[in-house]
Amino acid sequence: MANTPQAKKRIRRNERRAEINGARVSRIRTFVKKVELALASGDKDAAATALLAAQPEMMRGVSKGVLHKNTVSRKISRLTKRVAALG
């Protein structure tokens, strides 16, 4: 158990940040799932539109520190490749 006031404050802060960051990651996953669904249905236009919506969300996750830059770059690259292959 935390004894110092600063340690107690860090616990409170970490709980708040975990909730916010969890919501951010969940939101990003939702955007990626929309791309995956469009890919599964074979609709290239819908997939391209969903990917355009997902990219800024994913990069926002990087800037907020909830996801690693290389992870997001890899995922965007793979999704883009799959959307292009639908042609």
Colleague: Under a 4.5 Å cut-off applied to non-hydrogen side-chain atoms, are Val62 and His68 in contact?
Modeller: no
Colleague: Is the number of heavy atoms from other residues, nucleotides or ligands under 6.0 Å of Lys75 NZ greater than 12?
Modeller: no
Colleague: Going by salt bridge (Lys or Arg N to Asp or Glu O under 4.0 Å), name the residues that satisfy it together with Arg27, two or more places apart in sequence or in a different chain.
Modeller: Glu57
Colleague: Determine whether Met58 and Val25 fall in the same hydrophobic cluster, where Ile, Leu, Val, Met, Phe, Trp and Tyr are linked whenever their side-chain heavy atoms lie under 4.5 Å apart.
Modeller: yes
Colleague: Walk me through it: do Leu37 and Lys34 pass the test side-chain contact (heavy atoms from CB on, under 4.5 Å)?
Modeller: CA-CA 5 Å; Leu37 273 170; Lys34 287 178 185 175; 5.7 Å; no
Colleague: Taking the side chain as everything from C-beta on, heavy atoms only, tell me whether Val32 gets closer than 4.5 Å to Arg29.
Modeller: no
Colleague: Taking all non-hydrogen atoms of both residues, which atom of Ala46 and which atom of Ala38 are closest, and how far apart?
Modeller: C-CB, 3.8 Å
Colleague: Give a yes or no answer on whether the side chain of Thr49 reaches the backbone of Asp45 with a donor-acceptor pair at less than 3.5 Å.
Modeller: yes
Colleague: Working to the nearest 0.5 angstrom, can you tell me the gap between Met59 CE and Leu67 CG?
Modeller: 10.0 Å
Colleague: Heavy-atom count check: over 12 atoms from other residues, nucleotides or ligands less than 6.0 Å from Asn70 CG?
Modeller: yes
Colleague: Can you tell me how far apart CG (Leu51) and CD1 (Ile76) are? Round to the nearest 0.5 Å.
Modeller: 7.5 Å
Colleague: Mind checking the CZ-CD1 spacing from Arg60 to Ile28? Nearest 0.5 Å is all I need.
Modeller: 9.0 Å
Colleague: Between CZ of Arg12 and CD of Glu15, what distance do you get to the nearest 0.5 Å?
Modeller: 9.5 Å
Colleague: Hey, is the main chain of Ser26 close enough, under 3.5 Å, to the side chain of Thr30 for a donor-acceptor pair?
Modeller: yes
Colleague: Taking all heavy atoms of Val35 and all of Ala54, pick out the closest pair and write down the distance.
Modeller: CG2-CB, 4.1 Å
Colleague: Could you tell me the separation between the CZ atom of Phe31 and the CD atom of Glu36, rounded to the nearest 0.5 Å?
Modeller: 15.0 Å
Colleague: What's the shortest heavy-atom distance between Leu86 and Ala47, and which atoms?
Modeller: CD1-CB, 4.2 Å
Colleague: What about Leu39 and Leu52, same hydrophobic cluster or not, with Ile/Leu/Val/Met/Phe/Trp/Tyr joined at side-chain heavy-atom distances under 4.5 Å?
Modeller: no
Colleague: In terms of heavy-atom contacts, does CZ of Arg74 have more than 12 from other residues, nucleotides or ligands at under 6.0 Å?
Modeller: yes
Colleague: Starting at CG of Asn21, measure out to CD of Glu19 and round the result to the nearest 0.5 Å.
Modeller: 10.5 Å
